[in-house]
There are 2 protein chains.
Amino acid sequence: MSVKIKDVARAAGVSVTSVSRVLNNGDHVSEKLEKKVRRAIEELNYSPSLIAKSLKRNKTNLIGVIIPDITSNFQAMILSLIEEIAGRRGYNLLVSNIVEDTDKVVKYLNIYQEMRVDGIVLMHEKLNEDIRLFLNKTQIPVVVHADFGMNLPTVIIDDFQAGYDATSYLIAQGHREIAMIAGDKRDVCAGLRRIEGYAAACRDHGIMIEEALIRHGDYKLASGYRLMAELLREAQGRFSAVFAASDDMAAGAVNCIQDHGLHVPGDISVIGFDGSQIAEIMRPRLTTIKQPVDRISECTVDLLLEMIEEQGVAKSKGKMKTIVLSHELLEQGSCRSIET
Amino acid sequence: MSVKIKDVARAAGVSVTSVSRVLNNGDHVSEKLEKKVRRAIEELNYSPSLIAKSLKRNKTNLIGVIIPDITSNFQAMILSLIEEIAGRRGYNLLVSNIVEDTDKVVKYLNIYQEMRVDGIVLMHEKLNEDIRLFLNKTQIPVVVHADFGMNLPTVIIDDFQAGYDATSYLIAQGHREIAMIAGDKRDVCAGLRRIEGYAAACRDHGIMIEEALIRHGDYKLASGYRLMAELLREAQGRFSAVFAASDDMAAGAVNCIQDHGLHVPGDISVIGFDGSQIAEIMRPRLTTIKQPVDRISECTVDLLLEMIEEQGVAKSKGKMKTIVLSHELLEQGSCRSIET
DNA sequence: CTGAAAGCGCTTACAG
DNA sequence: CTGAAAGCGCTTACAG
């Protein structure tokens with residue numbers, strides 16, 4: 001049915017070896033041979049099979065990406081940058097958007113392994129026994145976006161420090177009653193670490209931590225709205241500021257506050273996290289912890305490709321890098337300073 | 001280096017045929033043979049190569065998706081739904097996010113073809129000669145999201161009617177001076193068709209179309225902001241309402257209007273397009289044309305898989321379906337009726 | 001129920 | 001510079 005290298009060879013009157021050579025333009029071939037081959041390819045509309053090539057070369061030029069939520073602007077940003085950078089370097093992306101289902105994560109890790117992807121980017125931050133096992137066993141280079149404490153190549157920011165900075169900023173503005181719309185504690189970085197940073201900042205400034213002021217969401221807008229509604233219902237007047245672990249949740253919180261007839265930052269100050277597009281859209285714009293999406297994406301691809309391309313040279317499982325990138329506090333209009 | 005089916009066969013003391021059989025659990029194998037094989041697989045930590053399998057079976061279970069902008073919430077929504085639905089049916093997604101570069105589109109179409117994906121979803125709406133040629137020649141099932149007038153399987157809404165509806169709605173609210181923040185005319189549906197719908201509605205209601213009130217953007221927030229700034233600078237007072245061809249542009253327009261100290265809908269009414277999350281986030285919420293993202297995604301996957309799975313039975317290139325889904329006008333707070 | 005062998009479409013030493 | 005042949009890791013008639 002479809003035309004294969006043998007057909008091209010026959011049409012051009014040369015060997016398949018020669019066709020392969022002009023296709024991969026490595027070794028020298030004579031001009032007229034090349035011309036004959038190119039013409040045959042053209043005429044037969046030949047499309048070489050990367051499947052066969054991958055099998056033979058033991059290399060697919062595929063990178064698998066497992067991402068929790070593409071509809072989050074922050075994650076979409078990273079995905080699109082990774083796609084672009086990897087694309088320029090000859091790699092294509094296999095992507096799985098896995099919402100909240102840890103079992104599906106290992107299912108897809110295994111599929112990627114069976115597909116013989118050259119590398120994997122894992123953006124999920126929740127570990128279970130199966131995932132841990134996979135990461136320990138697999139021969140495939142994996143870059144993770146969370147500190148799992150298991151000596152894996154990692155690209156992250158310092159979420160503890162970032163949580164600390166956000167909270168300290170609010171404190172410096174005179175706030176002493178600060179609620180937190182946090183993530184899931186099982187998320188190592190975006191969840192747990194940011195909460196720890198918040199708690200440490202409170203502690204360091206002699207502020208009692210009130211459990212009732214800490215709520216846990218899923219980083220999405222709707223949960224920010226819902227949790228803020230709870231806070232207003234159950235604790236109104238007991239906090240003057242809120243630290244949200246994502247811009248989406250911060251935006252949901254702002255919407256909720258405004259829908260209750262209150263003002264941001266007049267009545268309640270809100271600080272977000274990520275520095276995604278939504279921070280610019282909101283009015284007031286969100287003050288937020290900006291993550292360096294471009295650096296995160298670059299470093300992720302660089303690190304992964306370095307491992308992939310090194311593999312031939314030496315299976316240097318030894319030098320596992322952890323790259324910690326710096327965040328930045330972006331001061332916009334959603335926080336105000338209050339008299340102490 | 002890595003363990004292959006032959007190693008498993010040897011370890012289990014059976015033939016590779018038998019190992020293959022238990023792997024694909026089709027034909028009957030005796031319980032004890034199966035047990036031996038499973039144990040060997042377990043012990044050797046065997047991961048079968050989908051590459052080899054694909055080559056043999058001539059099927060990759062891969063779908064290539066070419067998408068203009070993942071960071072658009074609307075498109076991210078569709079992508080994530082397609083991923084989920086296709087995933088449930090055993091297909092994985094190869095995705096390329098190609099911003100505005102038509103040459104790259106055909107480059108990736110060719111790569112997908114070489115990778116022998118089972119099907120392709122093309123979301124770009126701009127055609128060039130190379131793309132047209134590819135679509136005409138390829139044997140791979142492709143579903144497109146725009147009416148290219150070339151008898152391809154298509155899933156769309158009626159963008160003309162939707163543009164007509166949006167504009168008529170504004171007219172029914174008493175507006176007679178309506179600006180449009182449109183897309184690129186070379187985008188067959190989201191661009192051209194929506195503009196034609198706008199123009200037809202104006203015409204049908206005896207409204208002169210003023211070219212200066214039609215601006216062309218790229219569907220993103222920033223361009224909506226910029227174009228609205230232009231409109232305010234060059235034509236303020238000459239329009240009381242704006243129809244934007246995407247919610248993102250509508251949001252940018254609203255931001256711009258508000259940043260100029262004006263009010264939506266008090267001073268200017270704005271209607272958007274897509275029904276994406278941003279329409280819910282804005283205050284006021286955006287009145288918008290809501291596209292049925294779930295239906296679009298479902299139909300896309302259904303149609304594509306139908307073609308893929310039919311191929312064996314009959315190469316029914318004949319019955320090319322075009323599925324037109326219905327949109328809906330979602331009335332929220334960004335338009336007001338004015339006295340005529 | 002089980003196995004030996006051909007073949008999927010390429011690449012790559014090896015020899016000339 | 002060019003080609004014949006082995007082999008990548010599977011599946012699948014075919015035979016028993």
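Lettering of chains follows the sequences in order, A, B, ..., and the numbering in each one begins at 1. Please read all numbers here as calculations on a predicted model, not as lab measurements. Just the heavy atoms: all of them, side chains too, but no hydrogens, waters or symmetry mates, feed the values below.
Using a 4.0 Å heavy-atom criterion, one finds that A:S30 contacts the sugar-phosphate atoms exclusively. B:S18 comes within 4.0 angstrom of sugar-phosphate atoms only, judged by non-hydrogen atoms across all strands, and of no base. Within 4.0 Å (heavy atoms only), B:L33 reaches sugar-phosphate atoms of the nucleic acid but no base atom. No engagement by B:I51 is indicated, since no non-hydrogen atom pair under 4.0 Å with the nucleic acid exists.
Closest approach to the A:K4 side chain among C:dC10, D:dC10, C:dG3 is made by C:dC10 (side chain taken as heavy atoms from C-beta onward). The side chain of A:S15 approaches D:dA4 more closely than any other nucleotide in the set C:dC10, D:dA4, C:dA6. When the nucleotides C:dG3, D:dT12, C:dT11 are ranked by their closest atom to the side chain of B:S20, D:dT12 comes out on top. Closest to the side chain of B:R21, out of C:dT12, D:dG9, D:dA13, is D:dA13.
The shortest side-chain heavy-atom distance between A:L135 and A:L127 falls under the 4.5 Å cut-off.
When the P atom is compared between C:dC10 and C:dC14, the two are found 24 Å apart, to the nearest whole Å. Separation of the P atoms belonging to C:dA5 and C:dC1 is 23 Å when rounded to the nearest angstrom.
The CZ atom of B:R10 sits 14 Å away from the C1' atom of D:dG9 (whole-angstrom rounding). For the pair A:N24 CG and D:dT2 P, the interatomic distance rounds to 16 Å; values are reported in whole Å. Note: CD1 (A:I5) to P (D:dT2) measures 15 Å, nearest angstrom. Spacing between atom NZ of B:K6 and atom C1' of C:dA4 amounts to 13 Å, rounded to whole angstrom units. At whole-Å resolution of the value, CD in B:E31 and P in C:dC1 are 11 Å apart. The nearest whole Å value for the distance from the CG atom in A:L55 to the P atom in C:dT12 is 12 Å. Taking atom CG of B:N58 as the reference point, atom P of D:dG9 lies 20 Å away to the nearest angstrom. To the nearest angstrom, P of D:dG9 lies 18 Å from CZ of B:R57.
Remark: D:dA4 base-pairs with no nucleotide; criterion is Watson-Crick or G-U wobble with both hydrogen-bond distances under 3.5 Å. Checking C:dA13 for Watson-Crick or G-U wobble geometry (two distances, each under 3.5 Å) identifies no partner in any strand.
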ask   = Checking side-chain hydrogen bond (donor to acceptor under 3.5 Å, both in side chains) for the pair A:D187/A:Y219: CA distance, chi angles, key distance, verdict?
value = CA-CA 11 Å; A:D187 287 329; A:Y219 310 102; 2.8 Å; yes
request  = List the steps, then state whether side chain to side chain contact (heavy atoms under 4.5 Å, CB included) holds for B:Q75 with B:L79.
outcome  = CA-CA 6 Å; B:Q75 293 180 43; B:L79 179 62; over 6 Å; no
request  = Just do the side chain to side chain contact (heavy atoms under 4.5 Å, CB included) check on B:Y112 and B:I140 with the steps written out, would you?
outcome  = CA-CA 9 Å; B:Y112 285 171; B:I140 299 176; 5.9 Å; no
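Considering A:L23, A:V37, A:D7 as possible partners of A:Y46, the one that fulfils the side-chain contact (heavy atoms from CB on, under 4.5 Å) test is A:L23. With A:I131 as the partner, the side-chain contact (heavy atoms from CB on, under 4.5 Å) test is satisfied by one option alone out of A:V144, A:V105, A:D103, A:I66: A:V105.
Positionally, the nearest nucleotide of DNA chain C for B:A52 lies more toward the 5' end than for the other of A:V16 and B:A52.
Distances shown here put every side-chain N or O of B:T17 at or beyond 4.0 Å from the OP1 or OP2 atom of C:dT2.
The base of C:dG7 sits within donor-acceptor range of the side chain of B:K56, with an N or O pair under 3.5 Å.
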